[in-house]
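The structure under discussion appears below in the form of structure tokens.
FYI, side chains are in, hydrogens and waters are out, and symmetry mates aren't considered; it's all heavy atoms of this structure. It should be emphasised that the depicted structure is a prediction, and the values quoted were computed from it without experimental measurement.
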Amino acid sequence: MKQSADLRHIPPLLLALLVALVPQMFEMPFWITLWCFLCWGYELLVVKRGWPRPNRPALLTLAGLGFFGTMLTFGGAFYSESYVGLLALMCGLKPLEIHAYRDKIFTLFLAYFLVITNLFYNDALPITFYMFFSVLVTTTVLIHLHHPASRSRKKLRLATVIMLQAMPVTIVLFYLFPRIEGNIWGMTRQSSGRSGFSEQMSPGSISRIVENNALAFRVQFAGEIPPPEKRYWRGIVFVLFDGRNWRQGIRAPVRRPNLAGAQPVDYTITMEPHDDRWLFALEMPGSIPERGFYMSDHTIVSRHTVSDRKLYRMRSYLEYRTGELQQWESATLRLPKGGNPRTRALAAEWVQTSGGDPRAIVQAALRFFRDNGFVYTLEPPLLGRDPIDEFLFETRKGYCEHYASAFSVLMRAANIPARVVGGYQGGEVNP
């Protein structure tokens, strides 16, 4: 009877883990999701058919294989994606060793932590609502552990009351902790920023840019210096767009660059410390630096934080092809369900008039920017709820982020894959 009482809690625990994992399925490698499903499926067979649980040596072996597989997948680097992958592996394995009350509580805490990791990838409003739903499910299961005989409706009502009681503290923390520009009513304050490099791009939230002339890196070419228009230094790729903000998408280290290149250029970069892991490379990088990783979005990252001056050698190609669009790159076509209706309508018009020809659509977009009085300025007006619409059809004033964001949204609306590459253009020659 004791074993039966313990096992009846397993399906609700697995439900909480599953609900917490759902958003991560679209971000983490497929094998980690499959790993969780296989582990949970076996645990259900333990409950339903009395199958034996894996012994401790078997669990340690599985844990070691999972850790090794995660490190292999992410190139041995410890950053947000690899941490989330390891956490998901723990969520898969932990139910296989539930024997006591402590194990059940620990499993639920893993579910709470897994919910929080959604913020590594996205903090759009829909995912925020889903996180609240996931926390509600997990809290209901937590109540179920302590009051199994109570009705499900009563447990759900108590979990809802607990979350509502926590809401005032949540609101206080929302205002006290550092936030991106804007607040819960969608209003934006007057703000200013510095030119340079950032891991998030929010065109329309900054009303004034102060130029930053600090040295970013030095480059020594082995041969002739490429012309200015060919000197774009790739640093970060923005894929996820929530209607206002651009963020990085899922990416992983690759063993070799997946591109066909011509016009190779060899050079050495001396990077100034910036307390992050990104490394710049001439577009398009075709080699992997020592103690660095080549990522699937064709960016370069260091194994460790660049806290001191770093020297690395690179080869890039001025002419290149990256091949067919991969399945994991489908996010380059993704747009929020609503917002910016005039932009979507303009893209649909180009698709209709061009017959869907991508080259013709790109040329139509370039003509639109060229012929409609757009102005480059470091003091653009702030943008509201539909920033792309307001920039394209009303203000028509902005800097590089405004143009890159608007162009990418237009392309996605026309069913053409697009992402925004962040970095530096040009560079001053030091004789």
Are H146 and Y101, when compared by the centres of their aromatic rings, separated by less than 6.0 Å?
yes
What orientation do Y42 and W51 show, parallel under 30°, tilted 30 to 60°, or perpendicular over 60°?
perpendicular
Is the number of heavy atoms from other residues, nucleotides or ligands under 6.0 Å of R342 CZ greater than 12?
yes
Have Y112 and T139 got a donor and an acceptor in their side chains that come within less than 3.5 Å?
yes
Run the ring-ring contact (aromatic ring centres under 6.0 Å, His included) test on F374 and F368 for me, step by step, so that the C-alpha distance in whole Å, both residues' side-chain angles and the decisive distance to 0.1 Å come before the verdict.
CA-CA 9 Å; F374 285 87; F368 182 84; 5.8 Å; yes
Just by distance, with hydrogens left out, do W246 and S202 show a side-chain donor and acceptor under 3.5 Å apart?
no
Counting heavy atoms not belonging to W31, are there more than 12 under 6.0 Å from its CH2?
yes
Is F132 atom CZ crowded by more than 12 heavy atoms from other residues, nucleotides or ligands, each under 6.0 Å away?
no
Does the pair R247/D242 count as a salt bridge with the N-to-O cut at 4.0 Å?
yes
Does K94 have any salt bridge (charged side-chain N to carboxylate O under 4.0 Å, His left out) partners at least two apart in sequence or in another chain, and if so, which?
E97, D103
Should S307 and D275 be marked as a side-chain hydrogen bond (donor to acceptor under 3.5 Å, both in side chains) after you check the CA-CA gap, both sets of side-chain angles, and the distance that decides it?
CA-CA 5 Å; S307 54; D275 295 323; 5.1 Å; no
Salt bridge check: are R231 and E283 linked by an N-O gap of less than 4.0 Å?
no
